[in-house]
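In this chain, numbering begins with 1 at the start of the sequence shown.
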Amino acid sequence: MIVAYGVANLLQSIAAARTTVHHTFDPGLLLRLAGHRTYLVGLACQVAGFVLAFLARRDLPLFLVQASVAAGLGVTAVLGVVVLKWRLPMAEVALLVLLFAGISALVLSARPAPSKALGTAGMVALLVTLAVIAVLGFFAVRLHGAPGSVALGSLAGLAFSAAAVAARPLASAPSWDAFLADPLLYLLVVHSVVGQLLLGLAMQRGSTTAAVAAMDAAGAVPAAIVGLLLLNDKIWPGREWLAGIGFLVTLAAVIGLTRYAAPQHQHAIARETTRVVVGARPPLLTPRTDRPEWMVTRAATSAVGRPQAASTGLRRPTTRS
């Protein structure tokens, strides 16, 4: 599950960085992203991770599963080193060690137990949450730079968190008929789609570091709290301190890895985009030798179209239910 989400993070962020920035809460962004083979492969990895996480939620508490989903960023960092030749500073090595330690602490403290039913009130709460997220997303999409990344990333995390809450009792459905007839299934699907759209919008804005950190925090913390209070999530007696430390260490390590991984991802996209722009030959353009060099360069830029790297690919690159 962690590996699947880690691969999905890397591939989807590359596709988002190559797609024109959207300034409206438009589901058409998902269709544009689907035009990238890289995004489709990343989406397939995310679906695989989602299925594994869904099965894990049948008996495991949400604080463990959601932290493991967020920990996929550690796999993203390792893949960046192996595939994209990112540097691996000692600080990032230390964060990877902390991430492993945090997940290990959560595994040791989590006590398997079936979920309680969410009830009608819980379903209504999930429906209201969906409406609130959609309304806030309509306004948050107008924000630019780091504020837009944080706002949209936080909303995406809340949507994925709500999907996780719906998945915990749904995973205990006694039969396929009960599974397909349960309203939680459709709340899960809609929350996941809205979260995916918000994540795509967040990845297109100025600060991927802020977006992913906000998404991981908003995706893990509310679900963990709801699971412990309402869904029968259990901790082995005497290990509550271990669960608390493990959760905080895991979340801190994920946010730290985001800070180190984002600039390297942006530089990789920048190099690739530069090669494409430099290799392109402007059609039907014959530069005049009597014009200043800056005018010739500006005319060439206009002929091939404004490079998207300047407005979409260089300022941000990625997960999540």
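When the side chains of ILVMFWY residues are joined at heavy-atom separations under 4.5 Å, either directly or via intervening members, Val97 and Leu108 end up in two distinct hydrophobic clusters. Phe100 and Tyr5 are assigned to two separate hydrophobic clusters, defined by single-linkage of ILVMFWY side chains at heavy-atom distances under 4.5 Å. Linking Ile, Leu, Val, Met, Phe, Trp and Tyr whenever their side-chain heavy atoms come within less than 4.5 Å leaves Leu248 and Leu251 in two separate clusters. Follow the hydrophobic side-chain contacts under 4.5 Å out from Trp236 and you never reach Val107; the two are in separate clusters.
For the pair Leu126/Leu118, a side-chain contact is recorded, criterion being any heavy-atom separation below 4.5 Å from C-beta on. Contact check for Met1 versus Leu55: no side-chain heavy atoms found under the 4.5 Å cut-off. Contact annotation: the side chain of Phe50 approaches that of Leu188 to within less than 4.5 Å [non-hydrogen atoms, C-beta and beyond]. The side-chain heavy atoms of Leu231 and Val165, taken from C-beta on, include a pair separated by under 4.5 Å. Counting heavy atoms from C-beta on, the side chains of Pro61 and Ile235 never come closer than 4.5 Å. Within the 4.5 Å cutoff, the side chain of Gln66 has no heavy atoms near those of the Leu106 side chain. In this structure, Lys116 and Leu230 have side chains that are not in contact, with every pair of non-hydrogen atoms separated by 4.5 Å or more.
The shortest heavy-atom contact between Gly137 and Leu198 is CA-CD2, 4.2 Å. The minimum heavy-atom distance linking Phe54 with Phe179 is given by the pair CZ-CE1, 3.5 Å. The minimum heavy-atom distance between Val254 and Ala70, with the atom names listed, is CG2-O, 3.5 Å. Of all heavy-atom pairs spanning Ser154 and Ala218, the tightest one is O-CB, 3.4 Å. Closest heavy-atom contact between Ala202 and Gly153: CB-N, 3.7 Å. Between Arg111 and Pro237, the shortest heavy-atom contact is NH1-CD, 4.4 Å.
To the nearest 0.5 Å, the span separating CZ on Phe139 from CG on Leu136 amounts to 8.5 Å. In this structure, the separation between NZ on Lys234 and CZ on Arg239 is 15.5 Å, given to the nearest 0.5 Å. If you take CD1 on Ile133 and CG on Leu197, they are separated by 12.0 Å, rounding to the nearest 0.5 Å. Taken from NE2 in His191 to CG in Leu184, the straight-line distance is 10.0 Å, to the nearest 0.5 Å. Interatomic distance, Ile103 CD1 to Phe247 CZ, rounded to the nearest 0.5 Å: 9.5 Å. Interatomic distance, Leu62 CG to Ile225 CD1, rounded to the nearest 0.5 Å: 11.5 Å.
Sorted by first and then second residue, the pairs that involve residues 154-176 and meet salt bridge (charged side-chain N to carboxylate O under 4.0 Å, His left out), not counting sequence neighbours, are Arg168-Asp233.
Side-chain atoms of Ser161 never come within 3.5 Å of backbone atoms of Gly157 as a donor-acceptor pair (strictly under, hydrogens ignored). A donor-acceptor contact shorter than 3.5 Å is absent between the side chain of Gln196 and the backbone of Val194.
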TODO: Kindly indicate, with the supporting measurements, whether the criterion side chain to side chain contact (heavy atoms under 4.5 Å, CB included) is fulfilled by Leu143 and Val150.
DONE: CA-CA 10 Å; Leu143 300 175; Val150 171; over 6 Å; no
